*Asks:* 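Would you mind keeping the following structure in view while I ask a few things?
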Amino acid sequence: MIIISPININGDIHVPMKEQIFSVVFSILLLLSACIIFSPTQFLPVAKAEVGGPVLGEDSHENLTGDWKINASDTRYYGNRTINLTGNLTVYGNLTLQNVTLRFNSTYDGHHGIYVKSGGSLVIRDNDGDRNTTGDGCNITAVNASNAFVFQVKNGSSFRMNNSELHYCGYEFGEHGETAGLWINANNTVIEGNNITNSVNGVVLYQVNNCSVKWSLLSECKGKNGVSWTQGLPGEVGSGVYLLEVENCTMMENCVKNVEGGYGGWSFGGRLSGGAGGVGAGIYLQASKNNNITSNNVDSVIGAPGGRAGQNGPGGEGGIGAGIYLRASANNNIKFTNISNVMGGKGGNGKHAGPDGADNLGYGIYINEDSLDNQIDPLNTLNGDNILYYYGINTPTTIENYNLSNKSNPTNYGEIVLIRCSNFTVRNNTMANFIGVSGATGESIWVTGGAGGFAGGIYLESSNSNALTSNIIDSITGGEGGTAAWSGSGGAGRSAGGISLINSKANNISLNIVRNVDGGGTNKFPSDLAVFKSPCRW
């Protein structure tokens with residue numbers, strides 16, 4: 001800064017007024033320039049790694065060795081660049097990435113990752129905020145697709161991801177899904193318009209409220225394979241979105257496709273079974289309630305094959321495939337979801353005298369016995385067939401003129417399901433080609449195989465005062481019993497019913513046509529050591 005003041009040397013020396021004005025203006029301009037350059041409110045284009053690490057420069061491409069830490073006092077913005085990171089990104093402060101490619105260079109699964117800590121904020125976004133434009137969002141990925149990284153958003157932090165990509169994140173479920181994919185443990189998280197691929201569970205929400213996953217593609221998700229050991233271990237769940245102890249969250253207008261459970265592990269122990277194939281599910285809910293799941297598309301979901309048996313042991317049963325899987329979950333609202341191409345896994349091979357494990361099936365919505373209380377809109381579909389499941393509805397309702405004849409299973413209970421319902425009229429519908437769930441394999445010596453699942457054309461449980469008339473029900477088959485272990489008993493084949501009434505009364509049933517209804521078969525370990533599957537039906 002220039003300082004202007006009069007100086008007396010043996011008399012007065014005066015600076016002319018014009019020069020004073022010029023000097024003052026010049027000084028002000030210098031001060032303004034310094035403020036602009038060093039203002040703490042500006043987004044800073046560079047940041048240091050943890051102490052001792054390198055500095056991110058102004059170039060469009062950086063290689064960062066070591067951990068990169070955003071301190072609690074930091075606010076950082078990066079745009080339009082590529083960063084190769086050999087280390088972890090840990091966010092305690094505020095970080096925004098816009099049109100950034102971030103590539104993790106790891107040497108094994110879980111070696112490096114992103115950790116958003118309590119009090120931290122991470123925003124991942126595109127340039128224009130329009131999900132219909134491409135090429136301007138962030139891309140978070142791995143240098144080597146064989147070495148997946150971790151992405152954890154912790155409780156008390158803030159996270160938003162818009163119109164960007166995430167690939168090769170997650171490699172196993174862990175205790176609470178924390179290493180399975182994009183793991184969210186922070187309330188009010190927003191994930192919108194993203195492309196998330198190549199994980200175990202694309203997005204895992206854990207113990208959160210008021211989060212949303214919208215307008216996103218979640219694909220190429222596969223559960224971790226079971227460990228092959230003395231006893232083959234089961235494969236893990238593969239899913240596009242996994243909700244674990246979650247409330248009041250929204251899954252809307254997502255596309256989930258190409259999902260598979262983890263393969264059952266092989267057994268190397270004598271007379272022991274292969275592991276069960278893992279469940280494949282588009283959306284998997286566990287201990288979750290009051291969530292809104294609407295207008296999603298789920299395509300190509302497969303339960304995994306069971307593992308191969310040890311010496312003279314049975315193969316593991318195949319995994320269940322489900323568009324939506326409900327476990328210990330209630331009061332969720334599921335509507336307008338289109339599900340297609342869902343298949344169960346094949347049973348694993350028995351070895352030598354051991355029988356193969358039971359093949360399993362695919363279901364539009366799989367509902368555990370602890371998850372009956374959910375609202376499932378009749379406009380949900382599986383391969384074009386409506387999914388007609390009603391719980392706790394007692395107002396007059398008519399179900400008529402549906403043709404549910406595709407070789408697909410809308411739910412695991414039957415084609416039309418009424419639980420705790422009354423005052424329904426079910427008439428002039430056609431239902432065919434339903435098969436119940438197959439039972440589990442007996443794992444070790446003397447263990448009985450699991451029972452198959454019940455099958456119903458029209459299934460009523462605790463439902464009274466309904467009218468069922470002029471329906472056609474054809475080809476309903478109970479679930480096959482699970483394969484027995486060495487010297488064990490085969491699992492019971494489950495019964496089937498064209499019209500099934502469980503704890504239900506005062507229903508008017510007339511003029512229905514029921515044919516080709518069979519119970520499931522029983523699989524057991526044969527005493528003559530020949531591979532045997534009973535053809536019996538009852």
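All values reported here derive from a predicted model rather than from experimental measurement.
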*Asks:* Does the separation of the ring centres of F159 and F151 fall below 6.0 angstrom?
*Replies:* yes

*Asks:* Is there a donor in the side chain of S239 and an acceptor in the side chain of N201, or the other way round, less than 3.5 Å apart?
*Replies:* yes

*Asks:* Compute whether any side-chain donor of one residue and acceptor of the other, for N297 and N338, lie under 3.5 angstrom apart.
*Replies:*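 Yes, side-chain donor-acceptor contact under 3.5 Å.
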
*Asks:* Using the rule given for ring-ring contact (aromatic ring centres under 6.0 Å, His included), can you reason through H112 versus F104, listing the C-alpha separation, both sets of side-chain angles and the distance that settles it, and then say yes or no?
*Replies:* CA-CA 7 Å; H112 300 309; F104 284 93; 7.1 Å; no

*Asks:* Under 3.5 Å, is there a donor on one side chain and an acceptor on the other for N88 and T90?
*Replies:*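 Looking only at side-chain atoms, T90 and N88 do not form any donor-acceptor pair under 3.5 Å.
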
*Asks:* Checking side-chain contact (heavy atoms from CB on, under 4.5 Å) between N163 and each of T133, D126, N99, which is the one that passes?
*Replies:*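 For N163, the side-chain contact (heavy atoms from CB on, under 4.5 Å) test succeeds with only one of T133, D126, N99, which is D126.
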
*Asks:* Check whether any side-chain heavy atom of Y389 lies under 4.5 Å from a side-chain heavy atom of L372, and answer yes or no.
*Replies:*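 A side-chain contact exists here, since the closest heavy-atom pair is under 4.5 Å.
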
*Asks:* Give every residue pair that meets the salt bridge (Lys or Arg N to Asp or Glu O under 4.0 Å) criterion with at least one member in residues 173-200, sequence neighbours excluded.
*Replies:* R160-E192

*Asks:* Can you confirm whether V200 sits close enough to E236 that some side-chain heavy atom of one is under 4.5 Å from a side-chain heavy atom of the other?
*Replies:* yes

*Asks:* Checking ring-ring contact (aromatic ring centres under 6.0 Å, His included) between Y284 and each of Y242, Y366, F173, which is the one that passes?
*Replies:* Y242

*Asks:* Counting C-beta onward and ignoring hydrogens, is there a side-chain heavy-atom pair between Y459 and E415 closer than 4.5 Å?
*Replies:*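 Side chain of Y459 against side chain of E415, heavy atoms only: no contact under 4.5 Å found.
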
*Asks:* Between the side chains of N406 and N383, does any donor sit under 3.5 Å from an acceptor?
*Replies:* no

*Asks:* Run the side chain to side chain contact (heavy atoms under 4.5 Å, CB included) test on I367 and I376 for me, step by step, so that the C-alpha distance in whole Å, both residues' side-chain angles and the decisive distance to 0.1 Å come before the verdict.
*Replies:* CA-CA 11 Å; I367 306 161; I376 299 175; 3.9 Å; yes

*Asks:* Show the numbers, then the answer: is there a side chain to side chain contact (heavy atoms under 4.5 Å, CB included) between I83 and W68?
*Replies:* CA-CA 11 Å; I83 302 169; W68 178 20; 3.9 Å; yes

*Asks:* Distance check, rounded to the nearest 0.5 Å: N105 atom CG versus L64 atom CG?
*Replies:* 11.5 Å

*Asks:* Any non-hydrogen side-chain atom of N185 less than 4.5 Å from a side-chain atom of Q207?
*Replies:*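 Heavy-atom side-chain distance check passes, below 4.5 Å.
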
*Asks:* Could you name each residue pair satisfying salt bridge (Lys or Arg N to Asp or Glu O under 4.0 Å) that touches residues 200-227, not counting sequence neighbours?
*Replies:*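 Qualifying pairs: E172-K224.
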
*Asks:* Hey, could you give me the CD1/CG distance between I283 and L326, rounded to the nearest 0.5 Å?
*Replies:*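 Here the rounded value is 10.0 Å.
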
*Asks:* For the pair T141 and E165, evaluate side chain to side chain contact (heavy atoms under 4.5 Å, CB included) and give the outcome as yes or no after the intermediate values.
*Replies:* CA-CA 8 Å; T141 189; E165 297 185 27; over 6 Å; no

*Asks:* If you define the side chain from C-beta out and look only at heavy atoms, does anything of F149 sit under 4.5 Å from L102?
*Replies:*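 They are not in contact (no side-chain heavy atoms under 4.5 Å apart), so the answer is no.
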
*Asks:* Given the rule in the side chain to side chain contact (heavy atoms under 4.5 Å, CB included) test, do Q286 and V237 qualify, once you have shown the distances and angles that lead to the verdict?
*Replies:* CA-CA 12 Å; Q286 179 179 345; V237 173; over 6 Å; no

*Asks:* Side chains of N248 and N210 only: does a donor on one sit below 3.5 Å from an acceptor on the other?
*Replies:*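 No.
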
*Asks:* With a 4.5 Å limit on heavy-atom distance, are the side chains of Y390 and P378 in contact?
*Replies:*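 Heavy-atom side-chain distance check passes, below 4.5 Å.
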
*Asks:* Please enumerate all residues that pass salt bridge (Lys or Arg N to Asp or Glu O under 4.0 Å) together with D74, with sequence neighbours excluded.
*Replies:*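 Here the qualifying residues are R76.
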
*Asks:* Report yes or no: do N84 and N63 form a side-chain donor-acceptor pair below 3.5 Å?
*Replies:* yes

*Asks:* Would you say that Q231 contacts S273 through its side chain, given a criterion of any heavy-atom pair below 4.5 Å between the two side chains?
*Replies:*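 Contact flag for Q231/S273 side chains = yes.
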
*Asks:* What pair of heavy atoms forms the shortest contact from G436 to Y363, and how long is it?
*Replies:*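 It is C-OH, 3.1 Å.
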
*Asks:* Output the distance between atom CG (N195) and atom CG (L166), rounded to the nearest 0.5 Å.
*Replies:* 9.0 Å

*Asks:* Decide whether N80 and Q98 meet the rule of one side-chain donor and one side-chain acceptor closer than 3.5 Å.
*Replies:* no

*Asks:* For S340 and D299, test the side chains for any donor-to-acceptor distance below 3.5 angstrom and give the result as yes or no.
*Replies:* yes

*Asks:* With the side chain counted from C-beta on, respond yes when D385 and S408 share a heavy-atom pair under 4.5 Å apart, and no when they do not.
*Replies:*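 D385 reaches S408 side chain to side chain.
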
